Number of protein chains: 2
Amino acid sequence: MYSKSEENYLKAIYHLEAIAKHGVSTNAIAGEMETKPSSVTDMVKKLADKQLVNYVKYKGTTLTEKGKKAALGVVRKHRIWEVFLLETLDFQWDEVHDIAEQLEHIKSQELINRLDKFLDYPDYDPHGDPIPDKNGNIKSAEKKLLAELKKGNQGQLVGVRETSPDFLQFLDKRSIAIGSKIKVLGKEFFDGSMVIQVQGEQFFISKKIAENLYIHI
Amino acid sequence: MYSKSEENYLKAIYHLEAIAKHGVSTNAIAGEMETKPSSVTDMVKKLADKQLVNYVKYKGTTLTEKGKKAALGVVRKHRIWEVFLLETLDFQWDEVHDIAEQLEHIKSQELINRLDKFLDYPDYDPHGDPIPDKNGNIKSAEKKLLAELKKGNQGQLVGVRETSPDFLQFLDKRSIAIGSKIKVLGKEFFDGSMVIQVQGEQFFISKKIAENLYIHI
DNA sequence: AAAAAAAGTTAGTCTTATCTAAAAAATTAT
DNA sequence: ATAATTTTTTAGATAAGACTAACTTTTTTT
């Protein structure tokens with residue numbers, strides 16, 4: 001259907017659209033794909049020819065319905081393979097990404113559907129991200145960064161982006177863990193810092209902290 | 001390590017070496033790879049530069065030890081994935097080849113070793129072909145066609161070549177299945193037909209049938 | 001052994017996806 | 001609003017792998 005490279009671009013654009021809502025910039029795609037902006041321009045033109053994206057010179061790129069469907073197909077494969085690697089083959093979480101990155105490009109609908117069945121139709125992957133169904137429908141929202149939430153929002157901690165010992169100890173000291181319910185009590189505009197409530201207790205956290213916590217609303 | 005294309009050439013040369021012992025011809029490789037002889041010449045030169053094959057202009061190509069090891073690595077992956085597709089995901093025989101053809105190029109030693117363990121270290125793939133171990137050692141000989149056996153020989157059914165429903169039903173009706181012990185009671189010279197014994201029962205089978213059953217002696 | 005046929009190689013072209021360098025457009029700063 | 005900076009695009013080049021057409025070597029036929 002689509003080449004490996006095309007699929008990777010579609011997936012990158014899909015992920016970036018979730019953050020920057022007004023058309024994804026060429027530089028952003030280049031960053032995500034670890035490639036040069038000029039390569040991105042070439043590729044988005046090609047994807048535009050195939051009706052997979054809307055591309056306006058100098059303005060940005062968005063997925064068309066067709067492109068979104070294709071991207072969700074890749075995301076579905078990636079996440080199902082991740083479940084398989086972790087649950088069936090007992091891999092560690094940091095080992096699975098590179099392998100799933102390859103497996104997601106295997107061309108066979110039947111394969112992924114049978115794998116889905118074998119795993120008993122999981123709704124989420126091991127990072128807490130939802131797995132789209134055959135038709136590209138996602139049961140629940142994607143996880144968000146705590147930093148993206150507004151005052152009054154609340155959700156559950158489903159993962160961390162940064163995994164340094166310092167950061168994990170910071171969380172530990174405050175009894176913030178995967179599964180914790182977090183509510184945003186206040187948010188400062190000028191520096192993005194927040195006051196949050198976790199299990200009755202209140203904490204002040206910087207923007208940097210909030211940008212490294214994944215939340216499910 | 002090696003590109004998909006390089007791996008496919010190595011595998012093709014490996015398979016062809018088993019038949020034509022005196023250096024594989026460029027045309028033979030082209031046939032196996034469904035490509036043009038000129039493309040083969042280009043590639044074998046490249047493989048020769050990498051010390052994976054011995055290539056002598058106009059004479060033929062053979063695998064070096066290094067090339068054989070690489071080829072066996074691909075064969076191992078292919079056969080382990082086939083076992084997985086058939087045993088774990090319940091695919092039919094005729095569906096697995098194209099998918100295994102893609103999966104065999106996934107780069108991860110760890111993945112294939114864990115899969116091997118998950119499948120309980122199978123010695124043969126569903127077609128009866130032996131699976132090389134981590135170090136490229138093959139436990140036993142390659143399978144033979146029932147048609148190649150002589151009166152008095154016996155062995156175990158390890159695979160089928162033809163996979164049409166008609167043929168599979170033919171076998172089913174006589175309770176001939178993978179694992180069945182088969183003994184050749186008699187063989188006619190003029191048409192290659194046989195009388196065989198399977199679990200106490202005797203059957204008459206034509207040469208055509210005997211040419212589609214793989215046996216391990 | 002010479003002629004004919006088959007097999008194999010070389011040279012040049014094409015596609016996909018990438019890159020660098022230079023130019024153009026958009027954004028930010030003064 | 002003009003200048004400076006950043007972002008994006010264009011043009012031209014490169015590498016992998018495949019192709020066609022022409023040429024060379026080997027093998028087969030007579």
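We use all heavy atoms of the structure for the numbers below, so side chains are in, but hydrogens, waters and symmetry mates are not. None of the values given here were measured: they were computed from a predicted structure.
- Separating the CG atom of A:D49 from the C1' atom of C:dT16 is a distance of 14 Å, rounded to the nearest angstrom.
- Nucleotide C:dA26 holds its P atom 18 Å from the NE2 atom of A:H22, rounded to whole Å.
- Taking atom CE on B:M43 and atom P on D:dC19, their separation rounds to 11 Å, with Å as the unit.
- Per the geometry, CG belonging to B:N8 stands 14 Å off C1' belonging to D:dA18, to the nearest Å.
- Taking atom CG of A:N27 as the reference point, atom C1' of D:dT5 lies 13 Å away to the nearest angstrom.
- Shown here are the side-chain contact (heavy atoms from CB on, under 4.5 Å) partners of A:N137, two or more places apart in sequence or in another chain: A:D133, A:N135.
- Phosphate contact (OP1/OP2 of D:dA18, side-chain N/O of B:Y9, threshold under 4.0 Å): present.
- The shortest distance between the side-chain N/O atoms of B:T41 and the OP1/OP2 oxygens of C:dT9 is below 4.0 Å.
- Both the sub-6.0 Å distance and the 45° axial angle are satisfied by A:R114 relative to the ring of B:F91.
- Atom pair A:K36:NZ and D:dA15:C1' shows a separation of 17 Å (rounding to whole Å applied).
- Among pairs with a residue in residues 8-44 of chain A, none fulfils ring pair (Phe, Tyr, Trp, His ring centres under 6.0 Å), at least two apart in sequence or across chains.
- Taking atom CG of A:D42 as the reference point, atom P of D:dT8 lies 15 Å away to the nearest angstrom.
- A search for side-chain hydrogen bond (donor to acceptor under 3.5 Å, both in side chains) contacts involving B:T41 returns nothing, not counting sequence neighbours.
- A salt bridge is absent between B:K11 and B:E7; no separation between the charged side-chain nitrogens and carboxylate oxygens falls under 4.0 Å.
- Residues passing the side-chain contact (heavy atoms from CB on, under 4.5 Å) test with A:K66, sequence neighbours excluded: A:Y2, A:Q51, A:L52, A:T64.
- A sub-4.0 Å separation between OP1 or OP2 of C:dC19 and a side-chain N or O of A:S39 is present.
- Regarding A:E6, its CD atom lies at a distance of 10 Å from the P atom of C:dT18, rounded to whole Å.
- Within the nucleic acid shown, B:T26 comes within 4.0 Å of sugar-phosphate atoms alone, with no base atom in reach, counting heavy atoms only.
- Scanning residues 55-62 of chain A for heavy-atom distances under 4.0 Å to DNA chain C yields A:Y58.
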Donor-acceptor list for residues 151-159 of chain A side chains, cut-off 3.5 Å, not counting sequence neighbours:
unit_1 : atom_1 : unit_2 : atom_2 : d
A:N153 : OD1    : A:K150 : N      : 2.8
A:Q156 : NE2    : A:G179 : O      : 3.1

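- B:K45 comes within contact range of the sugar-phosphate backbone alone, with a heavy-atom separation under 4.0 Å but no base atom that close.
- The phosphate of C:dT16 (OP1 or OP2) has no side-chain N or O of A:S5 nearer than 4.0 angstrom.
- Remark: the B:S38 side chain and the D:dT20 base include a donor-acceptor N/O pair separated by less than 3.5 Å.
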